Protein chains: 2
Amino acid sequence: MCKVVLKISKLPKKKRQQHLVEKIEHNPFITDEELMKCFQVSIQTIRLDRMELGIPELRERMKSMAEQTYDQVRSLPPDEIIGEIIDLQLDESGISIFEIKESHVFSRNRIARGHYVFAQANSLAIAVIDDEIALTASAHIRFVRSVQLGEKCIAKASVKSSNNEQDKTKVEVNTYVNDELVFHGDFVVYRSEDNGNK
Amino acid sequence: MCKVVLKISKLPKKKRQQHLVEKIEHNPFITDEELMKCFQVSIQTIRLDRMELGIPELRERMKSMAEQTYDQVRSLPPDEIIGEIIDLQLDESGISIFEIKESHVFSRNRIARGHYVFAQANSLAIAVIDDEIALTASAHIRFVRSVQLGEKCIAKASVKSSNNEQDKTKVEVNTYVNDELVFHGDFVVYRSEDNGNK
DNA sequence: AATTCTTTTATTACCAGGTACTAATAGTAA
DNA sequence: TTACTATTAGTACCTGGTAATAAAAGAATT
């Protein structure tokens, strides 16, 4: 938890406060009691330090982090599909929308990082396959033009008949911003009944 | 906060518990006391309900939400490169490491979502280009085998001589888990001095 | 009507992780 | 010695609970 530091002489106030900031930054879930043991000072000293540094108590720290998550969850399901699927005909076609936010762009030029555009298309290609589990096998993709901050990407997927091979399906995804093509991808997706671990 | 419901007769237990779940889902920051006022029952009833439904107390709810945020921040800097670059020879080669965490996999089978593996490769392909700004133009990718939760992906990029065209560079990326190839990608990357907005 | 069972409420003791305030003590500089 | 800063100690109080026990209210069954 807290590195055992041989502490012949206690740190001076300023140093301690510096380290305190770092410690809490590094592990926001630390209690005053744990901090007190780290620095070998009384709990009051820790609290005085927090006061001076304007660091809120553990519960307040957790609360504000939780609020962050909550806001994020509301706006962008972090774990699931990238982009919001607004239409889905299984094994036929699908449409998803994904708006490029601050966190998706290079800060220097506000152009979307390629992998977000890819992720939207990839998620959609997987979602459109009507199978217990589907995995991307390969893809051929082209970034037709760069996507800017604030633009809404509309990805349209259509499943191409899985001709010869039974377990592989071709899915074509085109992504548009205002009817202008920005991304094209040809995906080959595995569909496997047996949970397909290779 | 809590809709004022005319409450001639109190809800039966089952209904109340149903509504309780919804209420907490809709606003995880609600206290038992607020809930008690919503349902016009005693605070003990609310707590019995929470127990039966397996809903943890407010502070625990906040804590686990906060942990989510924190884990996300740690594992996936939303803004930056995906994967940690550990070696980089500009315009020549690069290596990055990326460990597959809970948030990167399908929950059903713990297989990594393709776009994370792609994102690592894509980030590396961009990073290896020694230019003010580089963008992925197109890519041909193959997911050789699925990557499991916990596995460490080592992506190796090598820049292929940008032969004919000045502004496009080919970058080959191979990703390995324990020396086993899991992903291959041929990227074509734009390098543009003039900040290349098309 | 009496009995049993479920549901609800009340009460009390206790907990973590604090805030807020007062006071005492230690160490150091003028 | 005095003055000042830094630290420690102690107490009361807070929120939002858990845990456990008991009593009361309501409904269903015999």
Side-chain angles (χ1 to χ4, degrees), chain A residues 1-2 4-70, chain B residues 1-71:
Chain A
M1 188 78 24
C2 162
V4 177
V5 187
L6 312 198
K7 197 202 24 39
I8 284 90
S9 63
K10 287 182 192 177
L11 291 166
K13 193 180 177 185
K14 283 212 171 178
K15 285 270 172 195
R16 189 188 57 233
Q17 295 196 340
Q18 247 176 280
H19 281 85
L20 192 78
V21 171
E22 283 167 27
K23 210 127 198 80
I24 292 176
E25 230 155 63
H26 170 259
N27 173 202
F29 297 95
I30 197 166
T31 61
D32 287 357
E33 200 171 343
E34 289 170 316
L35 286 165
M36 150 188 125
K37 282 170 192 163
C38 284
F39 292 100
Q40 295 288 343
V41 293
S42 72
I43 203 157
Q44 285 80 358
T45 303
I46 297 295
R47 286 172 181 167
L48 280 173
D49 282 351
R50 265 203 303 101
M51 294 282 256
E52 282 179 31
L53 296 165
I55 300 171
E57 62 166 299
L58 170 60
R59 282 163 176 170
E60 290 305 313
R61 295 197 299 267
M62 291 201 302
K63 188 177 181 186
S64 59
M65 290 176 76
E67 277 164 348
Q68 250 184 61
T69 310
Y70 191 59
Chain B
M1 188 76 26
C2 162
K3 272 175 212 159
V4 177
V5 187
L6 312 195
K7 198 202 21 43
I8 284 91
S9 64
K10 285 179 192 178
L11 289 167
K13 193 180 177 185
K14 283 211 170 178
K15 286 270 170 194
R16 188 189 57 234
Q17 294 196 339
Q18 247 175 277
H19 282 85
L20 191 78
V21 172
E22 284 166 28
K23 210 128 196 77
I24 292 176
E25 229 155 63
H26 170 259
N27 173 203
F29 296 96
I30 198 167
T31 61
D32 287 357
E33 200 171 342
E34 288 168 316
L35 286 164
M36 152 188 123
K37 282 170 192 162
C38 285
F39 292 101
Q40 294 289 342
V41 293
S42 72
I43 204 159
Q44 285 80 359
T45 302
I46 296 294
R47 285 170 182 171
L48 280 172
D49 282 350
R50 265 203 303 102
M51 293 282 256
E52 283 179 29
L53 296 165
I55 300 171
E57 62 165 295
L58 170 61
R59 282 163 177 169
E60 289 305 312
R61 295 197 300 268
M62 291 200 306
K63 188 178 180 185
S64 59
M65 290 176 76
E67 276 165 349
Q68 252 184 59
T69 312
Y70 192 59
D71 289 350

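Reminder, nothing fancy here: chain letters follow the sequence lines and each chain counts from 1. All values reported here derive from a predicted model rather than from experimental measurement. Only this structure's heavy atoms are used, side chains among them; waters, hydrogens and symmetry mates stay out.
Atom CD1 of B:Ile24 is separated from atom C1' of D:dG16 by 13 Å (rounded to the nearest Å). Separating the CD1 atom of A:Ile30 from the P atom of C:dG17 is a distance of 12 Å, rounded to the nearest angstrom. Following rounding to the nearest Å, A:Met36 (CE) and C:dG18 (C1') show an atom-to-atom distance of 14 Å. Rounded to whole Å, the distance from CZ on A:Phe29 to C1' on C:dG18 is 17 Å. Between the CD atom of B:Glu33 and the P atom of C:dA10 there is a distance of 14 Å, given to the nearest Å. Whole-Å rounding puts the A:Leu20 CG to D:dT7 C1' distance at 15 Å. Rounded to whole angstrom, the span from the CD1 atom of B:Ile43 across to the P atom of D:dG16 amounts to 10 Å. In this entry the distance linking CE of B:Met51 with P of C:dT8 reads 15 Å, nearest Å.
Taking the side chain as every heavy atom from C-beta outward, B:Met65 and B:Phe29 approach each other to under 4.5 Å. A heavy-atom distance below 4.5 Å is found between the side chains of B:Lys13 and B:Gln17. Under the 4.5 Å side-chain criterion, counting only non-hydrogen atoms from C-beta, B:Gln44 is not in contact with B:Arg47. Contact annotation: the side chain of A:Asp32 never approaches that of A:Leu58 to less than 4.5 Å [non-hydrogen atoms, C-beta and beyond].
Comparing the axis of the opening five pairs of the helix from C:dA1-D:dT30 to C:dA30-D:dT1 with that of the closing five pairs yields an angle of 10°, rounded to 10°.
Taking every heavy atom of both residues into account, A:Arg50 and A:Glu57 meet most closely at NH1-N, 3.5 Å.
Proximity of B:Ser42 to the phosphate of C:dT9: a side-chain N or O atom is located under 4.0 Å from OP1 or OP2. In terms of phosphate contacts, A:Arg47 brings no side-chain nitrogen or oxygen within less than 4.0 Å of OP1 or OP2 of D:dT8.
For A:Lys15, there are no side chain to side chain donor-acceptor pair (under 3.5 Å) partners two or more places apart in sequence or in a different chain.
Listed by residue number, the members of residues 52-61 of chain A with any heavy atom below 4.0 angstrom from DNA chain D are A:Arg59.
When each of B:Ile43, B:Asp49, B:Leu48 is tested with B:Thr45 by the rule side-chain contact (heavy atoms from CB on, under 4.5 Å), just one qualifies, namely B:Asp49.
Comparing A:Thr31 and A:Gln44, the nucleotide of DNA chain C nearest to each residue sits closer to the 5' end for A:Thr31.
A:Leu48 comes within 4.0 angstrom of a base, heavy atoms only.
Side-chain N or O atoms of B:Arg61 include one that pairs as donor or acceptor with a backbone N or O of B:Pro56 at under 3.5 Å. Using a distance-only test at 3.5 Å, with no hydrogens or angles considered, a donor-acceptor pair links the side chain of B:Glu34 to the main chain of B:Thr31.
Across C:dT7, C:dG18, C:dT9, the shortest atom-to-atom separation from the side chain of A:Asp32 is found for C:dG18. Closest approach to the A:Thr45 side chain among D:dT7, D:dT18, C:dT9 is made by D:dT7 (side chain taken as heavy atoms from C-beta onward).
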